[in-house]
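Here's the structure, in C-alpha cells; my notes come after.
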Amino acid sequence: MEEEKYEIFIDNRKVGELVGLNSALIFIRGLFNEYYNDTKMAISLRRVREPIDEDEVWEQSCLK
C-alpha cells in the first residue's frame with residue numbers, strides 16, 4: 001500500500017508538498033513549539049488526492 005501524501009500550508013501559502021503524514025506532523029509540532037505566541041498564524045494540512053509523478057515535482061522544484 002502506498003503512503004498517502006500531504007501538502008502543508010501556512011497562512012494559505014504552500015510550504016510543503018508530497019510529505020508523508022508523520023513528517024508533516026513533526027514539522028507542524030515544531031512550528032507550534034517555536035511560534036507558540038503567534039496567534040494569527042494558520043497552519044493547514046491537505047491530502048493530495050490525485051496521483052502525482054514525484055519525479056516531475058522534484059524536477060520542477062529544482063528549476064525554480
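Closest of all the heavy-atom pairs between Asp11 and Lys40 is OD1-O, 3.7 Å. In plain terms, the two heavy atoms of Phe9 and Arg46 that are nearest each other are CZ-NH2, 3.4 Å.
Under a 4.5 Å side-chain heavy-atom criterion applied to ILVMFWY residues, the cluster that includes Tyr6 comprises Ile8, Ile10, Val15, Val19, Leu21, Leu25, Phe27, Ile28, Leu31, Phe32, Tyr35, Met41, Ile43, Leu45 as well.
More than 12 heavy atoms of other residues, nucleotides or ligands lie within 6.0 Å of CG in Asn33, so this atom counts as buried by the packing criterion.
Checked against salt bridge (charged side-chain N to carboxylate O under 4.0 Å, His left out), Arg47 has the following partners two or more places apart in sequence or in another chain: Glu4.
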